[in-house]
Amino acid sequence: MKSNTGHRNDQGRVAEEGEEVCGEQLGAMENARKRCQAPSTSKSLMATEDDPYKIDPLIALIDMDCFYVQVELRLEPEWRGKPAIVVQYKTRHKGGGIIALSYEARERGVKRFHHADDAREVCPEVKVFVVPELHGKADLTRYRDAGAEVIRVMKKHFHCVERASVDEAFVDLTKEVKQLLPRYLSKELKLTPEALGSTCIAESHSVEAWLDQLYLKLEEDPEAFVASSVQLNNFALAIGAVLVNDLRQDIINVTEFHCSGGISYSKTLSKLACGLNKPRKQTVLPGNAVGPLFNKTNIIDVRMLGGKLGRSIIENLCISTMGELCKVEVPKLRQYFSEETARWLASLAVGIDNEPVQERDLPKSIGCSKNFLGKEALSTREQVKKWMEHFVSELSVRLKKDQAENNRSASLLTVSITYVKDPFKIKSGQSCSRCAPMTSYDNEAMVYDAFMVADRLLTSLGYRNGRYHYAVINLGISASKMRDGGFTASRIDSYFRGQKKKEVDDSQIFPGNKYSELKVKGRDASKIQLGKAKEVRERKGSITKYLNQASPRKDAQGGQASHHQQQKVRTEHMESKSDTETRLGQLLQATRSQRMGKVRRLFPARFTDEGGTRLGGRQRRRVPQ
DNA sequence: TATTATGACGCT
DNA sequence: CAGCGTCATA
């Protein structure tokens, strides 16, 4: 929780005794839990005439093994079976950083976080693949495309697939398994070790024994078996394992890529199961194995507990495993966490999470970014402009491909910046982001908008003698808010954009106030807040409205900032104004002089000197106690 | 200087 | 809702 003073939690109620122990930002830390609050899909537990068997939801996680390495090995198969790594930025620090390593390389002692040179030291024969570079940055296209290939295969098998990252996806198997259940129960189909292929059973030594046990119970008393949710769930799990095994084999057949899988009752459990036997194996995690498994599972290794919340649990409760967490009573948890989080943790500790698998096989945003560390840090307009051009070059290709393949287009362009006062002294800087409407996939337009947004923000933090006061150590742009179809006339801003290109005088293009109705997509014009209700001219540009609020939000930075928000004229900026205009004129040569009238408006006279200064000095929020 | 480059999502 | 923080993984 970033903006309160320690006496309110994230629900806004008054903190009870003990809650302050955790520090003011606990609520923010607990956000991770919120997405897991969907109600249980108890529908699947209901036995009806149509649906006589009640089973728990069945969820699988498919995770590609050292994916980037596999992608490279498919291109150069002669290296298969040998230690191999994928690094990016070969010419940089220690031969480039490792982002993927083969299991052969792991066996030879190569570690994550090693660099290429480290890897060669422990394993001289290691094959080093280098991520392609384009536009001066790492280009991950080939891995994204390979990931899409895999997803396509998965969609062929299952309706509900959630792309969780470039190389992993959750699958809800419940429906498919339910359909097959009667045929397996009736012996029309048979569960065999062969059908389960590379399956392991968590906390069990043999798939055969586990299956035998299952069938023994079924033979013994079929009616009792069907009536027992425990038995039925195990049976369903085995069917799920067959389906996932088939899927994994098909992925190999179609893509040549190998993967691991986890099959259980929730995202958390299937994710955990998937990691138990890697690579090229899948693991079933039955309900009765959760307890024993949790006894030896580190809290940090459980999904959603790998970050601050997990560390906070470990420190506050002086425990380290899920088994120990399971023994902690809810009231004890409530000493450190909110009511909801306490209950969520208690459920999780017994293996329950109700987060549904979302049916989504496409990314929701498409972006690119790059770090600029040390002397690479950007501090001039020229540098920022240049990199925006590079980013847009990459992004526009990806966006156009996405548009053609998926019949959708982005409506929001977001610029993200991390900046520091001194790139040699500060490790982590201030992050901020600003956005503008995305109205076309025209490179020039995107560069213009992205640079304007970035420059406006950085300049507001200080600009003198051709340099920003702050050095940019990370810069990125991202396209999001995908809408169906292409850019149409109904996309209001594309109308404005089109006019802009014609170089027609603004006052003729926007003669009346009727434009206010069109100004913001999908929003009631009456709700638009334009601060001082300026003339139409000031709001005409598609990004002007956004730029009007481009100054950093002090109150969002760390809570008490608002106390110091006196506004004051930044005299040094005023001095540099003419300089600003000149430089921009050159930088934005590609754009039209007609825009320059607007450019001037992008630099209002008033800036918050105090705020800008403090933003640089004030850094991270405190670490949880 | 030193993981980097992505991506999803919740809160205010 | 725009912007920030958290979590995650190649």
Side-chain angles (χ1 to χ4, degrees), chain A residues 1-4 10-12 25 27-37 63-72 85-89 92-94 96-101 112-116 131 137-140 143-144 146-147 162-168 271 303-310 355 358 360 362-377 394 412 414-418 420 422-427 430-436 457 471 473-476 478 480-481 520 522-523 527-529 545-546 549-550 552-553 555-558 620-621:
Chain A
M1 172 129 289
K2 51 185 185 276
S3 60
N4 70 27
D10 55 336
Q11 274 75 51
Q25 75 289 7
M29 188 172 66
E30 295 179 9
N31 285 348
R33 156 184 56 76
K34 295 295 166 59
R35 81 189 62 169
C36 310
Q37 298 263 304
D63 189 325
M64 308 310 292
D65 302 321
C66 54
F67 189 46
Y68 288 11
V69 171
Q70 284 203 77
V71 173
E72 296 298 336
I85 58 179
V86 176
V87 304
Q88 48 189 5
Y89 300 125
R92 288 184 44 186
H93 183 62
K94 291 165 81 174
I98 294 177
I99 54 175
L101 60 164
R112 264 182 74 198
F113 296 110
H114 271 176
H115 289 243
V131 174
K137 64 181 287 301
D139 178 16
L140 305 179
Y143 313 110
R144 282 192 201 94
E162 178 180 328
R163 178 196 192 275
S165 76
V166 69
D167 86 311
E168 67 184 321
K271 172 75 183 168
R303 200 176 82 109
M304 309 310 306
L305 301 182
K308 290 189 175 186
L309 179 56
E355 184 186 335
Q358 314 269 340
R360 194 196 65 239
L362 297 175
K364 298 176 107 176
S365 66
I366 298 175
C368 44
S369 65
K370 183 171 170 26
N371 286 352
F372 302 92
L373 298 175
K375 72 175 177 146
E376 310 259 299
E394 177 186 323
L412 192 72
T414 302
V415 171
S416 300
I417 299 174
T418 303
V420 294
D422 179 348
F424 292 95
K425 285 185 184 164
I426 307 290
K427 287 176 190 168
Q430 303 296 122
S431 294
C432 60
S433 67
R434 293 294 182 271
C435 63
L457 176 67
I473 60 170
N474 176 274
L475 187 65
S478 174
S480 61
K481 291 205 192 304
V520 179
R523 280 176 62 180
K527 290 182 183 167
I528 299 172
Q529 294 178 9
K545 166 183 169 294
Y546 292 81
Q549 50 183 358
R553 266 173 36 183
D555 59 342
Q557 286 294 334
R620 324 297 295 161
R621 300 182 321 187

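This is a predicted model, so every value here is computed, not measured. In what follows, chains carry the letters A, B, and so on, assigned in the order in which the sequence lines appear, proteins first and then strands, with residues in each chain numbered from 1. Just so it is clear, the values below take in all heavy atoms, side chains as well, and ignore hydrogens, waters and symmetry mates.
Among the nucleotides C:dA10, B:dT6, C:dC7, the one closest to any side-chain atom of A:Leu309 is C:dC7. Across B:dT6, C:dG3, C:dA8, the shortest atom-to-atom separation from the side chain of A:Cys435 is found for C:dG3. In the set C:dA10, B:dA5, B:dG7, C:dA10 carries the atom at the smallest distance from any side-chain atom of A:Ala100. Taking only side-chain atoms of A:Glu394, from C-beta outward, the nucleotide of B:dA2, B:dT6, C:dT9 with the closest atom is B:dT6. Side-chain proximity of A:Tyr89 to B:dA5, B:dT1, C:dG3: nearest is B:dA5. The nucleotide whose nearest atom lies closest to any side-chain atom of A:Gln88 is, among B:dT4, C:dA8, B:dA8, B:dT4.
For the pair A:Asn371 and B:dA5, the criterion of a side-chain N or O lying under 4.0 Å from OP1 or OP2 is met. Residue A:Tyr68 places none of its side-chain N or O atoms closer than 4.0 Å to OP1 or OP2 of B:dA5. Taking 4.0 angstrom as the limit, A:Ser165 places none of its side-chain polar atoms (N or O) nearer than this to OP1 or OP2 of C:dA10. OP1 and OP2 of C:dG3 both lie 4.0 Å or more from every side-chain N or O belonging to A:Thr414. The phosphate of C:dC7 (OP1 or OP2) has no side-chain N or O of A:Lys308 nearer than 4.0 angstrom. A close approach under 4.0 Å does occur between a side-chain nitrogen or oxygen of A:Arg434 and OP1 or OP2 of C:dG3. For the pair A:Lys137 and B:dT6, the criterion of a side-chain N or O lying under 4.0 Å from OP1 or OP2 is met.
For the pair A:Asp422 (side chain) and A:Phe424 (backbone), a donor-acceptor distance under 3.5 Å is present.
In this structure, a donor-acceptor pair under 3.5 Å is absent between the side chains of A:Thr414 and A:Ser478.
If you check every strand for non-hydrogen atoms under 4.0 Å, A:Phe113 touches a base. Among the protein residues, A:Lys271 comes within range of the sugar-phosphate backbone only, with heavy atoms under 4.0 Å from sugar or phosphate atoms but none that close to a base. Using a 4.0 Å heavy-atom distance criterion, A:Ile473 is classed as making no nucleic acid contact. Using a 4.0 Å heavy-atom cutoff across all strands shown, A:Asn474 reaches no nucleic acid atom at all. Looking at heavy-atom distances under 4.0 Å, A:Phe372 makes no contact with the nucleic acid at all. At the heavy-atom level, A:Glu376 lies nowhere under 4.0 Å from the strands shown. Using a 4.0 Å heavy-atom criterion, one finds that A:Arg144 contacts the sugar-phosphate atoms exclusively.
Protein atom CZ of A:Arg360 is 6 Å distant from nucleotide atom P of B:dA8, rounded to whole Å. For the pair A:Lys481 NZ and B:dG7 P, the computed distance is 16 Å after rounding to whole Å. C:dA8 atom P lies 18 Å from atom NZ of A:Lys364, rounded to whole Å. To the nearest angstrom, P of B:dG7 lies 15 Å from CG of A:Leu412. Atom CZ of A:Arg112 and atom C1' of C:dA8 are 10 Å apart (whole Å). What separates CD of A:Glu168 from C1' of C:dA8 is a distance of 8 Å, to the nearest Å. Rounded to whole Å, the distance from CG on A:Asp139 to P on B:dA5 is 12 Å. The interatomic distance linking A:Ile366 (CD1) with B:dA5 (P) rounds to 18 Å, in whole Å.
The minimum heavy-atom distance linking A:Ile473 with A:Ala377 is given by the pair CG2-CB, 4.2 Å. Closest approach of A:Arg144 to A:Gly367, counting heavy atoms only: NH2-O, 4.2 Å.
Geometrically, A:Lys370 engages A:Tyr89 in a cation-pi contact, judged by NZ or CZ lying under 6.0 Å from the ring centre and within 45° of the ring axis.
Between C:dC1 and B:dC9, the two P atoms lie 16 Å apart (nearest whole Å). Atom C1' of C:dA8 sits at a distance of 15 Å from the matching atom of B:dT3, rounded to the whole Å.
Comparing A:Lys370 and A:Lys375 against DNA chain B, the residue whose closest nucleotide sits nearer the 5' end is A:Lys375.
Taking the six-membered ring for Trp and thresholds of 30 and 60 degrees, A:Tyr68 and A:Tyr143 have nearly parallel ring planes, at less than 30 degrees apart.
In this structure, A:Glu168 pairs ionically with A:Lys271, as a charged nitrogen and a carboxylate oxygen lie closer than 4.0 Å.
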